[in-house]
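Since the structure is predicted, the reported quantities are computational estimates derived from the model, not experimental observations.
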Amino acid sequence: QVQLVESGGGLVQAGGSLRLSCAASGSIFSINAMGWFRQAPGKQRELVAAITRTGRTNYADSVKGRFTISRDNAKNTVYLQMNSLKAEDTAVYYCNARIRTIRPSGLDERDYWGQGTQVTVSS
């Protein structure tokens, strides 16, 4: 069993900062890419930022220069530092990770998702 547990969401004023964390646990062989997605009411889920195991990053244009994704491979944890928050950043933020596990049939690789954490930015 693999679990992704997120923390760090909440209510913040526009211009403020929040730091999200997501820790993976369970029978993990290795973790490849990790990332953060978000979904606002009435909108599709969208990629916010992603990071490879070696630290290469990718950001949505809307968050470039304001958000920073990082990871600690020893702790199987990914972070999202969000600065200069705007009302339009309000959404449920989901952690995602491409994880390999060992099964009786061999290695299995699939995407896992966290339960989501609410970020609300008041203007």
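Minimum heavy-atom separation, Cys95 to Val78: SG-CG1, 3.8 Å. Between Ala91 and Ala40 the shortest heavy-atom distance is CB-N, 3.8 Å. In plain terms, the two heavy atoms of Ser123 and Ala14 that are nearest each other are CA-CB, 4.2 Å. Shown here for Ser17 and Ser84, the closest heavy-atom pair between the two residues is OG-N, 4.4 Å.
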Q. Under the side-chain contact (heavy atoms from CB on, under 4.5 Å) criterion, do Tyr112 and Asn96 qualify, and how do the steps go?
A. CA-CA 6 Å; Tyr112 291 84; Asn96 170 272; over 6 Å; no

Q: Test Leu20 against Met82 for side-chain contact (heavy atoms from CB on, under 4.5 Å), laying out the working first.
A: CA-CA 8 Å; Leu20 305 183; Met82 305 185 293; 3.8 Å; yes

task: For Ser70 and Gln81, run side-chain contact (heavy atoms from CB on, under 4.5 Å): C-alpha distance rounded to whole Å, both residues' side-chain angles, the deciding distance at 0.1 Å, then the answer.
output: CA-CA 8 Å; Ser70 61; Gln81 177 67 43; over 6 Å; no

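Every pair passing salt bridge (charged side-chain N to carboxylate O under 4.0 Å, His left out) that includes a residue from residues 28-43 is listed here, sequence neighbours excluded: Arg38-Glu46, Arg38-Asp89.
How far CG of Leu47 is from OG of Ser62: 9.5 Å, rounded to the nearest 0.5 Å. Rounding to the nearest 0.5 Å gives a distance of 10.0 Å between CD1 of Ile28 and CD of Gln3. Expressed to the nearest 0.5 Å, how far CE of Met34 lies from SG of Cys22 amounts to 5.5 Å. Between the CG atom of Leu18 and the CG atom of Leu11 there is a distance of 8.5 Å, given to the nearest 0.5 Å. The structure places CZ of Arg103 at 4.5 Å from OG1 of Thr101, a figure rounded to the nearest 0.5 Å. Separating the CZ atom in Phe67 from the OG1 atom in Thr57 is a distance of 14.0 Å, to the nearest 0.5 Å.
The only option from Tyr94, Phe37, Tyr93 that meets the side-chain contact (heavy atoms from CB on, under 4.5 Å) definition with Val48 turns out to be Tyr93.
Linking ILVMFWY residues whenever their side-chain heavy atoms come closer than 4.5 Å, directly or via other members, leaves Leu4 and Tyr79 in distinct clusters. Under the 4.5 Å side-chain heavy-atom criterion for grouping Ile, Leu, Val, Met, Phe, Trp and Tyr, Val92 is not connected to Val121 through any hydrophobic cluster.
Using a 3.5 Å distance cut-off with no hydrogens or angles, the side chains of Gln118 and Thr120 do pair a donor with an acceptor. Judged by distance alone, the side chains of Arg71 and Asn73 do bring a donor and an acceptor atom under 3.5 Å apart.
At distances below 3.5 Å, at least one donor-acceptor pair connects side-chain atoms of Arg53 with backbone N or O atoms of Ile31. Side-chain atoms of Thr77 never come within 3.5 Å of backbone atoms of Asp72 as a donor-acceptor pair (strictly under, hydrogens ignored). A donor-acceptor pair is defined here as one N or O able to donate and one able to accept, closer than 3.5 Å; such a pair exists between the side chain of Tyr59 and the backbone of Ile69.
Looking at Glu109 and Ile99, their side chains never come closer than 4.5 Å, going by heavy atoms from C-beta outward. At least one side-chain heavy atom of Glu6 sits under 4.5 Å from a side-chain heavy atom of Gln115.
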